[in-house]
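These notes concern the structure reproduced below.
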2 protein chains.
Amino acid sequence: MPTVSVENYLKAILHLEEGEEGRVSTTAIAEKVGATPASASAMMSRLGDRGWVEHERYYGVSLTEKGQRIAMEILRRHRLWERFLVDHLGFEWDQVHEIAEELEHVDSRELVNRLDAFLGFPKLDPHGDAIPGPNGRFRSVAARTLLAEAPRNLDLVVVGVVDGGDAFLRHLGVLGIELGSRLTVMERHSFDGSLHVRFADVDELQLLAPSVCARLWVDQSNPAPVIVFPENDPPS
Amino acid sequence: MPTVSVENYLKAILHLEEGEEGRVSTTAIAEKVGATPASASAMMSRLGDRGWVEHERYYGVSLTEKGQRIAMEILRRHRLWERFLVDHLGFEWDQVHEIAEELEHVDSRELVNRLDAFLGFPKLDPHGDAIPGPNGRFRSVAARTLLAEAPRNLDLVVVGVVDGGDAFLRHLGVLGIELGSRLTVMERHSFDGSLHVRFADVDELQLLAPSVCARLWVDQSNPAPVIVFPENDPPS
DNA sequence: TTAAATTTTTAGGCAAGACTAAACAATTTT
DNA sequence: AAAATTGTTTAGTCTTGCCTAAAAATTTAA
Ligand SMILES: [Mn+2]
Ligand SMILES: [Mn+2]
Ligand SMILES: [Mn+2]
Ligand SMILES: [Mn+2]
């Protein structure tokens, strides 16, 4: 029965662990939860006592099996609630994070599973992030690339955002980019990595700053497959 | 920006104030929130400092205008979430209280108003209790009577329960009683106030204990009105 | 109108979680 | 290798909210 604060810390550590190798630093955690390093340090020893993190003094922490299970559960709730807010209450994707940040702490196994069913067992949240299943593992590991690293001349589709703060999401709105937007990389400028892209529904080329390209997940957009009818029936 | 604990205390005081005259006792509040009188006493002076209750030492408290506004907002959230849980997630009415007790503390004006709209601006929660509107006042003051005090030989309909703990709600399930059940009081037994009633959908008379009759709100069931067509047009 | 019983408040502690300032350890620079 | 910088922990303090035990006020009973 972790408190709200403990749940926020565990989720922060989970976020910081993915991608980065090894242990997570106290200062990074403090920054993520909006507290001082001193407060985070105190919390780490409490989390260590309860067996939710492994704490090597002066070298950071990593989640234990138990801690990870809890963190994944919070993440699951967060992302399911975000889906609910967008799909059923008509919120925009840049308005739901803060509210989900509170809803995720409502503790009822039954509630979250019924919500999951009500939403149709979604695999992705409104920002394109995978939603953990009731077992605490992700339902699908989608193959995705950062737009910044995508090859040219491919039909791409935006499938997610990296660490999407509300300001960034609103900026995407200004640029006319949303989940599902289709585009092609025409030119990559080696000076700063900015890209000239062409959107499927726009005529002119558009320039995207590297700060944007590094935060967009894209996938190859499956073109409507060309179905070739065989001239003869295949052998059964 | 009250804390969860403060919100629970304010709501408890609101509940205790209705019906009872004058101030609410520290001990009653303590019992309602599940704390000791000493803890409640300490909380009362904190609430007094913030201007949410009027505290007359040794004589109890009453909500101020401000305190009442906050408490009504919590009550609104609680009952809206109960509606959501029953109407959309398929919970039974005896399973939702505890979960709503947590959801009510999620603090977002926008969220609660959109939820209200999503639910179709309901007037009553699943237990028949009125849901406060965004202005903090009840939307409708339904005319209702306790079954224990209802006259005989009237077509009645169950419109609500008084202070419905889960145990009582499950007992109603055993008796086959739910919101909307139609019944008529056939006999009132002066010994202990128990009633013989006839349910609209059952043949035999059924005996209801006073503990049940005192906790059921009933209203006269409007029989499908007999429409009398005038022989002549009324004078305009 | 005292005395007994009940209710309420106060006193003294404790745990969680936050902060600032200071000490300490690790890492980088010089 | 020593010095400076950076990151982490410790020390000391605060607030909220809870507890038990004891004191004080109020209510009830004798
Ligand atoms: Mn949160
Ligand atoms: Mn998200
Ligand atoms: Mn509550
Ligand atoms: Mn209710």
Side-chain angles (χ1 to χ4, degrees), chain A residues 1-13 15-17 20-63 66-67 70-71 74 101-102 104-105 107, chain B residues 1-13 16-17 20-63 66-67 70-71 74 101-102 104-107:
Chain A
M1 33 192 61
T3 65
V4 167
S5 188
V6 163
E7 289 186 346
N8 283 334
Y9 272 99
L10 291 175
K11 189 161 63 95
I13 298 170
H15 272 125
L16 292 168
E17 267 186 350
E20 302 306 307
E21 277 305 305
R23 287 181 269 261
V24 172
S25 84
T26 301
T27 314
I29 296 166
E31 193 169 340
K32 196 109 190 173
V33 302
T36 60
S39 302
S41 185
M43 179 60 90
M44 288 315 104
S45 63
R46 264 173 271 144
L47 294 183
D49 293 347
R50 300 206 226 181
W52 293 331
V53 300
E54 205 77 53
H55 187 194
E56 183 95 24
R57 257 165 97 251
Y58 285 102
Y59 291 91
V61 297
S62 59
L63 290 171
K66 270 195 218 160
I70 298 173
I74 310 301
E101 201 58 49
E102 295 194 42
E104 69 187 0
H105 303 292
D107 182 26
Chain B
M1 34 192 61
T3 64
V4 167
S5 188
V6 164
E7 289 186 346
N8 283 332
Y9 272 98
L10 291 175
K11 189 162 63 97
I13 299 170
L16 291 168
E17 267 186 349
E20 302 306 308
E21 279 305 305
R23 287 181 269 263
V24 172
S25 85
T26 300
T27 314
I29 296 166
E31 193 169 342
K32 196 109 189 174
V33 302
T36 61
S39 302
S41 186
M43 180 59 91
M44 288 315 105
S45 63
R46 264 174 271 145
L47 294 183
D49 293 348
R50 300 206 224 181
W52 292 331
V53 300
E54 206 77 55
H55 188 195
E56 183 93 26
R57 256 165 98 252
Y58 285 101
Y59 292 92
V61 296
S62 58
L63 290 172
K66 270 195 221 161
I70 298 173
I74 311 301
E101 200 60 47
E102 295 194 43
E104 70 187 359
H105 303 292
V106 174
D107 183 24

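In what follows, chains carry the letters A, B, and so on, assigned in the order in which the sequence lines appear, proteins first and then strands, with residues in each chain numbered from 1.
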Partner residues of A:Glu102 under the side chain to side chain donor-acceptor pair (under 3.5 Å) criterion, sequence neighbours left out: none

The criterion is salt bridge (charged side-chain N to carboxylate O under 4.0 Å, His left out); which residues satisfy it with A:Glu17, sequence neighbours excluded? none

A:Ser5: side-chain contact (heavy atoms from CB on, under 4.5 Å) partners, not counting sequence neighbours: A:Thr3, A:Tyr9, A:Met43

Could you tell me the separation between the CZ atom of A:Arg23 and the C1' atom of D:dT9, rounded to a whole number of Å? 16 Å

Could you list all the salt bridge (Lys or Arg N to Asp or Glu O under 4.0 Å) pairs where at least one residue sits in residues 22-44 of chain B, not counting sequence neighbours? B:Arg23-B:Glu56

Nearest whole Å is fine: how far is D:dG17 P from B:Leu10 CG? 11 Å

In whole Å, I'd like the distance from the CE atom of A:Met44 to the P atom of D:dG7. 17 Å

Which residues share a side chain to side chain donor-acceptor pair (under 3.5 Å) with A:His15, sequence neighbours left out: none

With A:Thr36 via side chain to side chain donor-acceptor pair (under 3.5 Å) - residues at least two apart: A:Ser39

OP1 or OP2 of C:dT7 versus the side-chain N and O atoms of B:Ser25: is any pair under 4.0 Å? no

Steps toward side chain to side chain contact (heavy atoms under 4.5 Å, CB included) verdict (A:Lys11, A:Glu101): CA-CA 11 Å; A:Lys11 189 161 63 95; A:Glu101 201 58 49; 3.2 Å; yes

Could you give the side-chain donor-acceptor pairs of residues 46-55 of chain A under 3.5 Å, partners two or more places apart or in another chain?
none

Whole-Å gap separating C1' (D:dG7) and NE2 (A:His55): 12 Å

Polar atoms only, N or O, under 3.5 Å: list the protein pairs with nucleotides 22-26 of chain D and their distances.
unit_1: D:dA25; atom_1: O4'; unit_2: B:Tyr58; atom_2: OH; d: 3.4

How many whole angstroms separate atom CG of A:Leu47 from atom P of D:dT9? 12 Å

B/S/- along nucleotides 14-20 of chain C (protein heavy atoms under 4.0 Å) is --SBSBB

